[in-house]
Peer 1: 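Below is one structure. I have some questions about it.
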Amino acid sequence: MTKFKSDFLRTMQERCFIHQISDESGLDDLLAKECVTAYIGFDPTAPSLHAGSLIQIMMLHWFQATGHRPISLMGGGTGMVGDPSFKEEARQLMTVDTIESNIASIKRVFANYLDYGKGSGAP
């Protein structure tokens with residue numbers, strides 16, 4: 001088992017979030033010496049996310065809790081143009097109002113895990 005220097009990777013390893021890492025030592029060194037910014041994008045095509053999104057939300061939570069800057073990106077582009085996955089029927093297009101309402105609903109969930117009021121990343 002690798003001994004990580006950075007709090008974030010150590011926390012992720014303790015919680016079994018890590019399967020493999022590219023440039024493990026480079027990433028560990030970077031996270032140990034400076035505040036890093038990372039984002040994960042979420043598709044607001046519904047007023048809530050499915051349970052599988054909790055893993056990404058918790059990664060952002062621990063990223064912030066260990067002194068880094070998380071960004072939860074919620075864009076409406078996919079909802080506005082439909083689903084390009086070659087299904088028989090395209091997803092129903094949503095209005096800007098619907099997308100904004102979905103984002104507001106999802107942000108309430110994120111507020112339980114992320115502190116959007118801190119600029120430095122640390123809670």
Peer 1: Take Gln13 and Phe17, measure what side chain to side chain contact (heavy atoms under 4.5 Å, CB included) needs, and give me the verdict at the end.
Peer 2: CA-CA 6 Å; Gln13 186 174 51; Phe17 275 64; over 6 Å; no

Peer 1: Can you list everything that forms a side chain to side chain contact (heavy atoms under 4.5 Å, CB included) with Ser101? Sequence neighbours excluded, please.
Peer 2: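 Checked Ser101 against side chain to side chain contact (heavy atoms under 4.5 Å, CB included); zero matches.
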
Peer 1: Does any non-hydrogen side-chain atom of Ile99 lie less than 4.5 Å from one of Thr45?
Peer 2: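 No, too far: nothing below the 4.5 Å cut-off.
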
Peer 1: Between Ile106 and Leu73, is there a shared hydrophobic cluster once you connect ILVMFWY residues whose side-chain heavy atoms come closer than 4.5 Å?
Peer 2: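 No, because Ile106 and Leu73 fall into different hydrophobic clusters, even though each may have its own neighbours under 4.5 Å.
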
Peer 1: If you look at every heavy atom in Glu34 and His68, which pair is closest and at what distance?
Peer 2: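 Answer, listing the atom of Glu34 first, then His68: O-CE1, 3.2 Å.
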
Peer 1: So which atom in Pro70 and which in Leu114 form the shortest heavy-atom distance, rounded to 0.1 Å?
Peer 2: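 In terms of heavy atoms, the two residues are closest at CG-CD2, 4.0 Å.
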
Peer 1: Say whether Leu54 and Phe8 are linked into one hydrophobic cluster, either directly or through other cluster members, by side-chain heavy-atom distances under 4.5 angstrom.
Peer 2: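 Shared cluster, yes.
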
Peer 1: Examine Met74 and Ile55 and state if one hydrophobic cluster contains both, with Ile, Leu, Val, Met, Phe, Trp and Tyr joined whenever side-chain heavy atoms are less than 4.5 Å apart.
Peer 2: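 Result: yes, single cluster for both.
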
Peer 1: I'd like to check Ser72 versus Leu60 (side-chain heavy atoms, cut-off strictly below 4.5 Å). Are they in contact?
Peer 2: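 Ser72 vs Leu60: side chains touch.
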
Peer 1: With a 4.5 Å limit on heavy-atom distance, are the side chains of Leu31 and Leu9 in contact?
Peer 2: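 Yes, side chains in contact.
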
Peer 1: If we ignore hydrogens and angles and just use 3.5 Å, is the side chain of His61 paired with the main-chain N or O of Tyr113 as donor and acceptor?
Peer 2: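 Yes; at least one donor-acceptor contact below 3.5 Å.
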
Peer 1: Could you tell me whether the side chain of Gln64 and the main chain of Asp115 form a donor-acceptor pair under 3.5 Å?
Peer 2: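 Yes; judged by distance alone, with no hydrogens or angles, the pair exists.
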
Peer 1: So if you build clusters from Ile, Leu, Val, Met, Phe, Trp, Tyr with side-chain heavy-atom gaps below 4.5 Å, do Ile57 and Ile71 land together?
Peer 2: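 In one cluster: no.
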
Peer 1: Kindly write out the residues that satisfy salt bridge (Lys or Arg N to Asp or Glu O under 4.0 Å) with Lys107, not counting sequence neighbours, or none if the list is empty.
Peer 2: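 If we apply the salt bridge (Lys or Arg N to Asp or Glu O under 4.0 Å) test to Lys107, skipping adjacent residues, there are no hits.
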
Peer 1: Does any pair with a residue in residues 6-30 pass salt bridge (Lys or Arg N to Asp or Glu O under 4.0 Å), and if so which ones, sequence neighbours excluded?
Peer 2: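 Salt bridge (Lys or Arg N to Asp or Glu O under 4.0 Å) check on residues 6-30 returns Lys5-Asp29, Asp7-Arg10.
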
Peer 1: So, using side-chain hydrogen bond (donor to acceptor under 3.5 Å, both in side chains) as the criterion, who are the partners of Thr37 when residues are at least two apart?
Peer 2: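 If we apply the side-chain hydrogen bond (donor to acceptor under 3.5 Å, both in side chains) test to Thr37, skipping adjacent residues, the hits are Arg69.
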
Peer 1: Which residue pairs satisfy the ring-ring contact (aromatic ring centres under 6.0 Å, His included) criterion with at least one member in residues 18-49, sequence neighbours excluded?
Peer 2: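 Sorted pair list: Phe42-Phe110.
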
Peer 1: Taking the side chain as everything from C-beta on, heavy atoms only, tell me whether Val36 gets closer than 4.5 Å to Leu30.
Peer 2: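 Yes. Closest side-chain heavy atoms under 4.5 Å.
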
Peer 1: With sequence neighbours left out, write down each residue that passes side-chain hydrogen bond (donor to acceptor under 3.5 Å, both in side chains) with Thr98, or none if nothing qualifies.
Peer 2: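 Expected list: Thr95.
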
Peer 1: Between the side chain of Ser105 and the main-chain N/O of Pro47, is any donor-acceptor distance below 3.5 Å?
Peer 2: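 Indeed, once roles are kept as given, a pair shorter than 3.5 Å links the two residues.
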
Peer 1: What closest approach, in Å, do Gly67 and Cys35 show between heavy atoms, and which atom pair accounts for it?
Peer 2: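 Heavy-atom minimum between the residues: O-SG, 3.5 Å.
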
